[in-house]
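For reference, the structure discussed in these notes is given below.
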Amino acid sequence: MKKKQTTSKNGEYNHLKIEPKWRKIWDKKKINQTKDKSKSDKFYVLDMFPYPSGDGLHVGHPRGYIATDVYSKYKRMHGYNVLHPMGWDAFGLPAENYAIKNKIHPAVAMERNVKRFKEQLSIIGLGYDWKREINTTDPNYYKWTQWIFLQLLKKGLAYESFEPINWCPSCKTGLANEDLDGPNCERCGTLVEKKPMRQWVLKITDYADRLLADLDSEDYIMPKVIDKVNPHQPGKPLVKRYVAHAIVFDPRNKKYLIIRNKKFGWDTVIIGGIEAGEDVVKTARREVQEETGYVDIEFKRLLGGQTEAHYYTKHKGENRIAYAQAAYFELKSDKRAPIADGEDKDNEIIWVEEKDFVPGKMVNSELPIWLKRLKDPNLGWPKPLLNWSESIKEAQRNWIGRSEGSELWFNLKNSEEKIRVFTTRPDTLFGVTYVVLAPENKLVDSLKPLIKNWAEVEKYRESVKAKTEIERTAVDKNKTGLRLSGVEAKHPLTKEILPVFIADYVLNNYGTGAVMSVPAHDERDYSFAKKYNLPVKEVVVPYFTKSEKDRDQARSDKETVRRTTAYALVMDKKTNKFLCLDWEKFGWHSGIIGGLDDGESFQAAALREIREETGYVNVKYIRELGGEQHNHFFAAHKDVNRYGIGRGMLFELVDDKKIPTTEAETKNHKAVWIEADKMEGWLNLEAFKYMWQVYKTGSECFTGQGILINSGNFDGMDSEEAKKEITDLADGKQKVTYRLKDWVFSRQRYWGEPIPVIHCEKCGAVPVPEKDLPVELPNVKFYEPTGTGESPLAAISKWVNTKCPNCKGKAKRETNTMPQWAGSSWYYLRYIDPKNSKALVDKKKEKYWMKNGVDLYVGGTEHATRHLIYARFWHKFLFDIGVVSEKEPFRQLKNQGMILGSDSRKMSKRWGNVINPDEVIKNVGADTLRVYEMFMGPFDQEIAWSTDNMVGSRRFLEKVWKLQDRVVNKRVVENIEFEALLHKTIKKVTEDIVDFSFNTAISAFMILVNLAEKNEITKTEYETILKLLAPFAPHMTEEIWANLGHKKSIHLEKWPEYDEKKTISEKVVIIVQINGKPRANFEMPVGSNQAEVEKVALAREDVYKWLAGKQVKKKLFLKERILALITD
RNA sequence: GCCGGGAUGGCGGAAUGGUAGACGCAAUAGACUCAAAAUCUAUCGAUCGCAAGGUCAUGAGAGUUCAAGUCUCUCUCCCGGCACCA
């Protein structure tokens, strides 16, 4: 695209002149430097800092940086003290590999790259505070990375391990699980090997539960309901208290529990001070009971905020503010305990409807706000602790992989050893038919004396070891295994003797490395059992109803009536149809269902019902199919919540022979044969569909929930309920297992932080004393990895050989270095206090800047299970040792979508589709680049670059530039239309920036400017537009701002406010819909009522012609929008 | 297989349940120009129609509603996470 010639009285829009000029002035005036302290609220905006690669930036990289820059400038214009820093994550393999190839020290290469990156970032006009620049390879920085490691070591969270780890033969280093892409090295794609070696490991698993739980935690520290206490009692001091409110709702009458004070005549919800050892819910519950006696209340959720304590203010002459949280309960029954003494003397307990919560009448004037919040979680309450996208949270949940289950023991025959197994399905214990150990399980070695086929075992173990990771995790699920002859396990409950196998489908590093196999209810066990001819014992039959949710719903509202019922499904194999009943009188259809007679079995009852209701006699029993079924008929038609606790019995039709049926049985229905997929709308649909499904697939392996059979005393019990009971009976314990593994923290490479440990022959691994930090990375001649499990540092004897800090004897330094993720796990803290040599971060500064964490963090999704997990782990650890004051580092996270090449492939040298921002900026200017990147599509979506499309953004800026010629001091004729649009635009742009919907913000600008260029525009209006646009196009707006005669930078101006009243135009378009179709539209004055609109509408030809000869049956009117007419 | 997110013109994409396609790009015609570029003015989902206007259209199918891209169910496909995880 060529440079355009756009001129105004202030000359052409020459970005080449304007942009560098203003950047220089901004630097000189230090407008981007952040003050450490300020009376204003802080706002911390952070980008994921880059690895400064040798290739420089392409246009995809700055997308997120531009967004944060827009956001920072926007926040600064709101008066916030904004921190928006940048730095370099400069340790890592590429620099090292480059060094090896070109014999240039990585530090030298990095310095060059950083310089280039910085230049590229600055010409985009990104307002970073470069005074706070950090670099992970700076010894003054990594001193603190090492310090954190020492603290982890002190707390036992860093340990040496000799377990086999992932080893990349190409990078010649050990890797953490997070560094893998499936079975391959995430960096170079090489297949990793398992290699036993000494390594440092961080115990991230200790934090697994908290890392998981806080993904779903809610944040109860609430923005305010009110800002200030009204000065009811001027001059009196402000008293603060923490109180709990209880909102009790009776869902049956849709009424709320209220206390009416007889003396003062005011109403209030129940309020009480929080006493020591109590939480909000506890206090609220206690107060409800004390003041009203209601005990059967169910806690639903917390609400909260800061409220004015009117009672105290009005009646006790105190200006009291209450930091309140409200617990919302629902009343389950009218059960009441006696009310505490005296509590009811002054008070009356009443139930009121929501409409009675009117400010003024109620003491709790903020209640309407709470109730609104109760219904709309988006209104802000309660907020998730982490305002992150669901997909990132889900990725972390998957990565952590928590599963709840039980640990059970299987005793062995002829041995004192026990096999410990982990299972998530203890309810299927009665279905265990064999036990399997992982081939590597150490128990196999202990059992050697017992094992008669040891030679074979060894052979099998060898063959498993020889298998590559690919073969073992291959999709083909052909299981192999070997029976340990001579080893037999005893079933903990039935005392049955069970065979024991080793098989490679059992992984040694998950759970206990051993499983109890339940072929009937686990697919892996099932295919293994089939292959080795092991018995399959069914112990759970499914519920008919689709989901647990359906069952609970059916159960919850009405008292449940239970009946024992048999369901019969009769298949005709020849026609693929099955037998149903057509109830002619009632107009509905059902399957064959019948209650059990005394002493009758399910099978017998089903057979009897088939015969009685349809007359068929020759049917063959196939199998049992199901369990409990909510009886829709009774629930829907008789208003009874009835359950058929039943079993489905599958039969096959042998022949058509029928006996006569009795009149009584069949007067209401007749037997019909129906195809399974034609059953829509039938009674018991789910049950019969399910039975049909099972029959069709012939599956014998059922992995869902259901009810227990063949399980001794547990028969008939819900499988979920049975989990705990069976675990208890089998003397097991409930246990939680994680997929997450401890973080392998050693790298056998040069370019990383040295691990600050000294190995002494006498004292073992000794931490380097904190005063000796940093342990600086020495210069080496050769950076090549050794491949021996030592890093190249091992060759520098001068550095390696040292004294033991403990005994002063001979000792050697640890030569492993830290992974690249170390420095980035805490960098956001260092920007706050980058030069501090005494502490990682000053306590006061941390408190100020990290209150509520980093307010906005922006980066790519690729860090979901790596950086973002590690940083959360370290932050929680730093919280535990008192270094930081909040439990999560990044409260709000936004992910930018990647910008692809114009060929929709990832931008890469390999495809030759890389667009360099420097070029773009030279051609069209940084402001155009910024506007285009924000306009091209939703921020979080992947999108292809298009230089053609960029023209639109440039044209838009030129239009804004040319508006300079249309500025008048005062318009002769008022232009209400334009004024309304301007206020709407302020509103829209403001909201869109907050939502990260930059594309629609720009679009709103374009609409406004398209209208402005057809009109005169006042100076004030123009200034408003410029201020709104300043975060997006900082250079151009600054230039025009100066042209308008301003001395102070536009970026230090106040953000424009909109007037809600002015966003409303005088006229609105009313749409007339006739039978749902829009048929006419016309303008009406704002505020027109239905009669006025109808009068105009019915007089119109285009409305009348659709109504001619018809009767208007129904009218609907939506004020200022729609008139809907429905004819017959 | 389990979980999360998607699917709208030629393209990027807009739409608190209320005129689907805002805004931008491309395209077509016209103005300006010797000409081109730039700029300006119009047109721009498909289809029937000279027109007025009608009909059909938001991955497919059903449902709820006066009204569905939006809500509910079923299905297809695409992207992402996990996966022999007991």
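Proteins get letters first, then strands, A, B, ... in listed order; numbering begins at 1 in each.
Figure legend: cation-pi geometry between A/Arg420 and A/Trp409 absent, as NZ or CZ is not positioned both under 6.0 Å from the six-membered ring centre and within 45° of its axis. Annotation: cation-pi geometry not satisfied between A/Arg872 and A/Trp399 (NZ/CZ under 6.0 angstrom from ring centroid, within 45° of ring axis). For the pair A/Lys479 and A/Phe528, the NZ or CZ position fails the cation-pi test of under 6.0 Å to the six-membered ring centre and within 45 degrees of the ring normal.
As rounded to the nearest Å, B/rU8 and B/rG4 have C1' atoms that lie 22 Å from one another. For B/rA60 and B/rA52, the C1' atoms lie 36 Å apart once the distance is rounded to whole Å. A distance of about 31 Å separates the P atoms of B/rG59 and B/rA51, rounded to the whole Å.
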With sugar-phosphate taken as primed atoms, P, OP1 and OP2 and all else as base, the protein-contact string of nucleotides 19-27 of chain B at under 4.0 Å (heavy atoms; B, S, -) is BS-BBSSS-
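Nearest to the side-chain atoms of A/Ser403 among the listed nucleotides B/rG54, B/rC66, B/rA86 stands B/rA86. Ranking B/rA14, B/rG54, B/rA86 by closeness to the A/Phe422 side chain, first place goes to B/rA86. Listed candidates were B/rG12, B/rC85, B/rC3. Nearest to the side chain of A/Ile943 is B/rG12. Taking the side chain of A/Arg739 as heavy atoms from C-beta on, and the options B/rC66, B/rC85, B/rG4, the nearest nucleotide is B/rC85.
OP1 or OP2 of B/rG6 has not a single side-chain nitrogen or oxygen of A/Gln941 nearer than 4.0 Å. OP1 or OP2 of B/rC56 lies within a sub-4.0 Å distance of a side-chain N or O belonging to A/Lys1077.
On a pure distance criterion of 3.5 Å, no polar donor-acceptor pair joins the side chain of A/Lys1114 and the base of B/rC66.
A salt bridge links A/Arg397 with A/Glu390: at least one charged nitrogen is closer than 4.0 Å to a carboxylate oxygen.
Under the Watson-Crick and G-U wobble criteria, each requiring two contacts below 3.5 Å, nucleotide B/rC77 is paired to B/rG6. Checking B/rA27 for Watson-Crick or G-U wobble geometry (two distances, each under 3.5 Å) identifies B/rU43 as its partner.
The CD atom of A/Glu440 lies 8.0 Å from the CG atom of A/Asn509; values are rounded to the nearest 0.5 Å.
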